[in-house]
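Heads up, the thing below is written out as structure tokens.
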Amino acid sequence: MLLKNRRIFLVEDDIANRAIIQMLLERNGAKTAIERWGTDTVPRIQAFSPVDRILLDLMFPDSVSGFDVFDEIRADTTLANIPILAVSAMDPSIAIPKTQAKGFNGFIPKPIEYELFVQQIASILDGEAVWFTGNRS
Amino acid sequence: LILGFSLPVLLLLVIAITGLASSQQVNSSFAEVQEDSVPELVALDELRFASNRIAAASNELILEGVLGVEAGEEGDESELAEIETNTALYFASLATYRAFIEAGAEGEELELLSQIEVAGQELLDASNAMVNAQQQGASPEEIADLREDFEAVEDNLSDIATEAIEHEQEELIEREEDVADAVANARNIAIILSVVAIALTFAFALYLYQSIANPLQDLESTANQLREGNLQVRSGIQSTDEIGRVAQTFDTMAEQIGKTVNSLEEQIVETTRAKDAAQRSDQVKSAFLASMSHELRTPMNAVINFTKFVAKGDLGPVNEQQAETLEEVIDSAKHLLNLINDVLDMSKIESGSLRLFVDDNVDISALLETTISTGKGLLDGRTIDMQTDIAPDLPTIRGDRQRILQILLNIMSNACKFTDEGFVKTKAYQENGNVIVSVEDTGPGIASEDQPAVFEPFKQTSSGLRKGGGTGLGMPIAKNLTEAHGGRIWIESEPGKGATFYMSIPVRAEHLRATTVATQEAV
């Protein structure tokens, strides 16, 4: 149980991705909460406190982007120190420099690696940065 | 201008000719004066001399008679001969004098001539009378009377001759003065002409200044304005001389430059517009690719991971056959994901939006290990000897770890895909600042005419097509990624003798700069 009792907040609009990530995290002992649209994130995170990590999708169907949500979270002093990880299907060669510049604590590309994902989240929780460009085989 | 130049030249010629003419005139005047006056004076002098001699001879004759000196026949004879000779001389010189007088007759001179003629005749007459009286034995009283008359006549003639000589001398002086005047005149004319020539030359210089220097200054200022970018400026000089022609040529040139610059400016505007359009198009393409990448990968996440959940039995028990079938689904989904990634990579390469994550210390040995183990996984039970000859001291290199792995995997999967038996040998070594990796196989090999197509997108060789699978993008992507690292990729192969693919990448590519945070190595 790599993630036992860890509290992880997920911002993800795609229902299938949400289900997969939630399933993987909870099967490894984590507690999760979700915000779908990226529009009501800060109060929901506050409601779920204390939060260990935030997983943030970067692209939403409407005009709000993960980067805007990142700014909102960082603007709230009570949430400013929570590490934030981008989990996105965005092209890593574009997304990684952007998220690095923005101050994210890591990037995990979609599709996520079933065997790898939980380890990556655990590394993040141990204070490491994870910048993963994807796997090819 | 030729006219302008010829004017002072003509004037100088006129001055020279005038000078020559006046000097000739002066010379001829002197000659004339000498011809005219000197013989006239000589004639008059002779005339006076002859009359004196006549008088002297007559007197002598008379005196001998009066004094009763016995001179004998001979004495008389010599005096008489003298008188006769001098009478002849008298007439001769008189004739000469008359000839001169009549040539250039003047009232005063004619008067003098007639006076001389009268007085001379009187002298001759008196001399004759006296000589005759003497010879006929006249009384001394009579002879004395005759002598008195004779002396009076002689004085008279002498006076008149003297007067004539004086007159001639005056005339000579006058003529000399005339000549001097003529010389002075000639000099004055020369001075006036010189002054006129100088004035004309000065005027011509002014004209030249006006017609050369002014237009040249205009032309210069026009050229300066043109240089400063005023393309509308023209000299506007319309004269037909040389300067005018130069100015008109200049204006034509300025016109041409203006046209050229305008057309260049139009071309620049056009090029800029085209470039902007191309940039916009590139931006649209990049945005489309980014969005496409996201939209294609998002459902793949669900397909692969949900299938995994089911296959792993997370959602309830599955039998072996179901699990195997689900693994097939996962493999196909991953293959589809790879194709999607390849197509997106190729599109990024072709739109120029490919970006590298540069790391200063990429461990190429570790990447080769991953590559070889992936290659082994691709053999599917074929008995192929996976040989390695990797130098132990390979340096870490500057580059994009994931992209270099992608290059190596593409080469390796190619070799493994086309080799049915034999070996696949991976070699790596450092040479001249480059790391060189070669992958040799014992596959069918590639004919040299087919080799370039291997690196062209969407062009698989006939054997490649037969083998199936792949997009035909693996090697073109590998080539582009290698070149993006400042390296190169090539094949050595003959049909039936296998193929060797080479990749050479600089250890420290100068054009690459490390991206801030190292990316996690793929497992």
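Just so you know, these numbers use all the heavy atoms, side chains as well, and skip hydrogens, waters and symmetry mates. Here is the naming used below: chain letters follow the sequence lines, and residue numbers restart at 1 for every chain. Computed from a predicted structure; not experimentally measured.
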Where [X] and [Y] come nearest, the two heavy atoms and their spacing:
X        : Y        : value
B:Ala302 : A:Asn17  : N-OD1, 4.2 Å
A:Ala89  : B:Thr298 : CB-OG1, 3.3 Å
A:Ile112 : B:Asn301 : N-OD1, 2.8 Å

- request: Check the surroundings of atom CD in B:Gln279: do more than 12 heavy atoms from other residues, nucleotides or ligands lie under 6.0 Å from it?
  value: yes

query: Using a heavy-atom distance cut-off of less than 4.5 Å, which residues of residues 306-318 of chain B contact chain A?
result: B:Phe306, B:Lys308, B:Phe309, B:Lys312, B:Asp314, B:Leu315

Distance-only criterion, 3.5 Å: show the donor-acceptor pairs between side-chain atoms of residues 503-512 of chain B and protein atoms not counting sequence neighbours.
unit_1, atom_1, unit_2, atom_2, d
B:Arg508, NH1, B:Asp360, O, 3.3
B:Arg508, NH2, B:Asp360, O, 3.2
B:His511, NE2, B:Ala484, O, 2.9

statement: Distance col, row A:Lys110:NZ vs B:Arg297:CZ, nearest 0.5 angstrom, shows 11.5 Å

- line: Rounded to the nearest 0.5 angstrom, the CG-CG distance for B:Leu296 and A:Asp91 is 11.5 Å

Which region of [X], side chain (C-beta onward) or backbone (N, CA, C, O), has a non-hydrogen atom less than 4.5 Å from a non-hydrogen atom of chain B, or is it both or neither?
X        : value
A:Glu115 : side chain
A:Leu24  : both
A:Asp14  : side chain

query: Under 4.5 Å between any side-chain heavy atoms of B:Ile304 and A:Tyr114, yes or no?
result: no

